[in-house]
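For reference, the structure is listed below as structure tokens.
We're numbering straight along the sequence, starting at 1. All heavy atoms count here, side chains included; hydrogens, waters and symmetry mates do not.
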Amino acid sequence: MKYKKIMVTGGAGFIGSHLVDKLLDAECEVLCLDDFNDYYNPALKRQNVQQHLANPAYRLVEGDIRDKEAKELIKEWMPEVIVHLAARAGVRPSLSQVELYQTTNVAGTLNLLEAAREAGVKKFIFGSSSSVYGLNKKVPFSETDPLLKPASPYAATKIAGEALCHTYAHLYDIHIVALRFFTVYGPRQRPDLAIRKFAERMLQGEEIVLFGDGSSARDYTYIDDIIRGVIAAIEYEGDKYEIFNLGNSSPVQLKDLVAAIEKVLGVEAKVRRIGDQPGDVPITYADITRSKEKLGYNPTVSLEEGLKIFIQWLRGKRIV
């Protein structure tokens, strides 16, 4: 890789820890900043970083992206690239914790951008989300679509984060890439996300709860494909500010997802249905034309293949 000194915020999380794996394999020097908050069991994140701690090229700092210490850390360590993945995640919790989501996802991002400006960091990768498209009726979702209908405070904070990134790229000559992730799954997936939640409950003989009539669809994207896209974004030397969708471009309905998990597990799901949830959207569907052309992004892992790898990992893990 061209860049060898990379800071990853949220580097103990699902996507972040997989990215750190690849960066260390590429002999990069990696600084991980993570606050190990209790949104889900912090022991899971500690397990994610355990394998990294013995690597002399890896440094772990426990801290909050909102704090002045995060800015001081950037000035001290002077990364070539900041990959900003830390965030308060999840649509539904954002409805009841609006201020926390705003301060973390918006003020925290601003704090890091200011630190990058002051330290002279020239490359910044922002982890955005397919949630920014909200109630967009045009599918597939394209990076040029207007972001006028966010369906949750979480989505609104990601739109705000992108706007701040554009501002800093324009004003301060920082090369910024915003990556809109589409429903990522695979080993180490967060326990609150559908695939893991469904699989764990089905393995334990418990019922699963489906919202709506099962027709809602998500563009499930395997973690390895996502990480290849992030690495390509780090290497990207095109426009000063660019947005890329990282998805599979193949939406799967909720009822079909359950059937696919049943097939891999060899277990029939016990299903309870309830109404649609506030903040949810009917579909996510990535147009990846731009990512293919400019990043060479090409997702290759099918849902069936990805689920098999994920379930194999789930059966062998230690912490639930």
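Salt-bridge annotation for Lys240 and Asp173: present, with a side-chain N of the basic residue lying under 4.0 Å from a carboxylate O of the acidic one. With salt bridges taken as basic N to acidic carboxylate O contacts below 4.0 Å, one links Arg46 and Glu62. A salt bridge does not link Glu80 with Lys2: none of the charged nitrogens is closer than 4.0 Å to a carboxylate oxygen. The residues Glu118 and Lys75 are annotated as salt-bridged, a charged nitrogen and a carboxylate oxygen being separated by less than 4.0 angstrom. Between Arg196 and Glu200, at least one side-chain nitrogen of the basic residue sits less than 4.0 Å from a carboxylate oxygen of the acidic one, meeting the salt-bridge criterion. Using a cut-off of 4.0 Å between Lys/Arg side-chain N and Asp/Glu carboxylate O, Glu114 and Arg117 are scored as salt-bridged. Using a 4.0 Å cut-off between a side-chain N of Lys or Arg and a carboxylate O of Asp or Glu, Asp280 and Arg92 qualify as a salt bridge.
Under a hydrophobic-cluster definition in which Ile, Leu, Val, Met, Phe, Trp and Tyr are linked whenever side-chain heavy atoms come within less than 4.5 Å, directly or via other members, Met7 and Phe126 are assigned to the same cluster. Note on Ile174 and Ile6: separate hydrophobic clusters, where clusters join Ile, Leu, Val, Met, Phe, Trp and Tyr whose side-chain heavy atoms are under 4.5 Å apart, directly or indirectly. Cluster annotation: Val258 and Leu203 are assigned to the same hydrophobic cluster (Ile/Leu/Val/Met/Phe/Trp/Tyr, side-chain heavy-atom contacts under 4.5 Å, transitive). Tracing side-chain contacts under 4.5 Å through hydrophobic residues (I, L, V, M, F, W, Y), one never reaches Met78 starting from Ile65; they form parts of separate clusters. Put simply, Leu254 and Val271 are part of the same group of oily side chains (I, L, V, M, F, W, Y) that touch within less than 4.5 Å, one to the next.
Residues Tyr297 and Asn245 bring no donor and acceptor atom of their side chains to less than 3.5 Å of each other. Looking only at atom types and distance, the side chain of Arg66 has a donor-acceptor partner in the side chain of Thr103 under 3.5 Å away. Counted by atom type alone, Asp21 and His52 present one or more donor-acceptor pairs between their side chains at under 3.5 Å.
Heavy-atom contacts from other residues, nucleotides or ligands closer than 6.0 Å to NZ of Lys138 number more than 12. Sparse packing is recorded around NZ of Lys308, with 12 or fewer heavy atoms of other residues, nucleotides or ligands lying under 6.0 Å away. Other residues, nucleotides and ligands place no more than 12 heavy atoms under 6.0 Å from the NZ atom of Lys292. By the neighbour-count criterion of 12 heavy atoms within 6.0 Å, atom CD of Glu206 is densely surrounded, having more than that number from other residues, nucleotides or ligands. By the neighbour-count criterion of 12 heavy atoms within 6.0 Å, atom CD of Glu76 is densely surrounded, having more than that number from other residues, nucleotides or ligands.
In this structure, the side chain of Lys5 engages the main chain of Trp77 through a donor-acceptor pair within 3.5 Å. One N or O on the side chain of Asp34 and one on the backbone of Phe36 form a donor-acceptor pair closer than 3.5 Å. Although no hydrogens or angles enter the test, the distance criterion places a donor-acceptor pair under 3.5 Å between the side chain of Asp225 and the main chain of Val301. Side chain of Thr284 to backbone of Asp219: a donor-acceptor contact under 3.5 angstrom is found. Although no hydrogens or angles enter the test, the distance criterion places no donor-acceptor pair under 3.5 Å between the side chain of Asp287 and the main chain of Pro140. A distance-only check finds no donor-acceptor pair linking the side chain of Lys122 to the backbone of His175 [under 3.5 Å]. When atom types are taken as modelled, the side chain of Ser128 and the backbone of Ala178 share no donor-acceptor pair closer than 3.5 angstrom. Between the side chain of Lys68 and the main chain of Asn111, no donor-acceptor pair closer than 3.5 Å is present. A donor-acceptor contact shorter than 3.5 Å links the side chain of Asn48 to the backbone of Ala12. A donor-acceptor pair is defined here as one N or O able to donate and one able to accept, closer than 3.5 Å; no such pair exists between the side chain of Asn248 and the backbone of Ser250.
Contact record, Ala269 with Ile208: CB-CD1, 3.9 Å, taken as the closest heavy-atom pair. Scanning both residues, Arg188 and Ser17, for their nearest heavy atoms gives NH1-OG, 3.0 Å.
Ser302 places none of its side-chain heavy atoms less than 4.5 Å from the side chain of Tyr220. Under the 4.5 Å side-chain criterion, counting only non-hydrogen atoms from C-beta, Tyr236 is in contact with Leu295. Ile309 places a side-chain heavy atom less than 4.5 Å from the side chain of Tyr222. Within the 4.5 Å cutoff, the side chain of Glu305 has no heavy atoms near those of the Thr300 side chain.
A distance of 4.5 Å separates OG of Ser249 from OH of Tyr285, quoted to the nearest 0.5 Å. Note that CZ of Arg59 and SG of Cys32 are 11.5 Å apart. Values are rounded to the nearest 0.5 Å. One finds the CG atom of Leu85 at 9.5 Å from the CD1 atom of Ile125 (value rounded to the nearest 0.5 Å). Summarising the geometry, atom CD belonging to Glu207 is positioned 11.5 Å from atom CZ belonging to Phe198; distances are rounded to the nearest 0.5 Å. Here Thr9 contributes atom OG1 and Asp64 contributes atom CG; the two are 11.0 Å apart, rounded to the nearest 0.5 Å.
Classification of the His170-His166 ring pair by plane angle, with boundaries at 30° and 60°, yields parallel. Between Tyr154 and Tyr101, the two ring planes are perpendicular [angle over 60°; tilted spans 30° to 60°].
By the 6.0 Å and 45° rule, Lys45 stacks over the aromatic ring of Tyr40.
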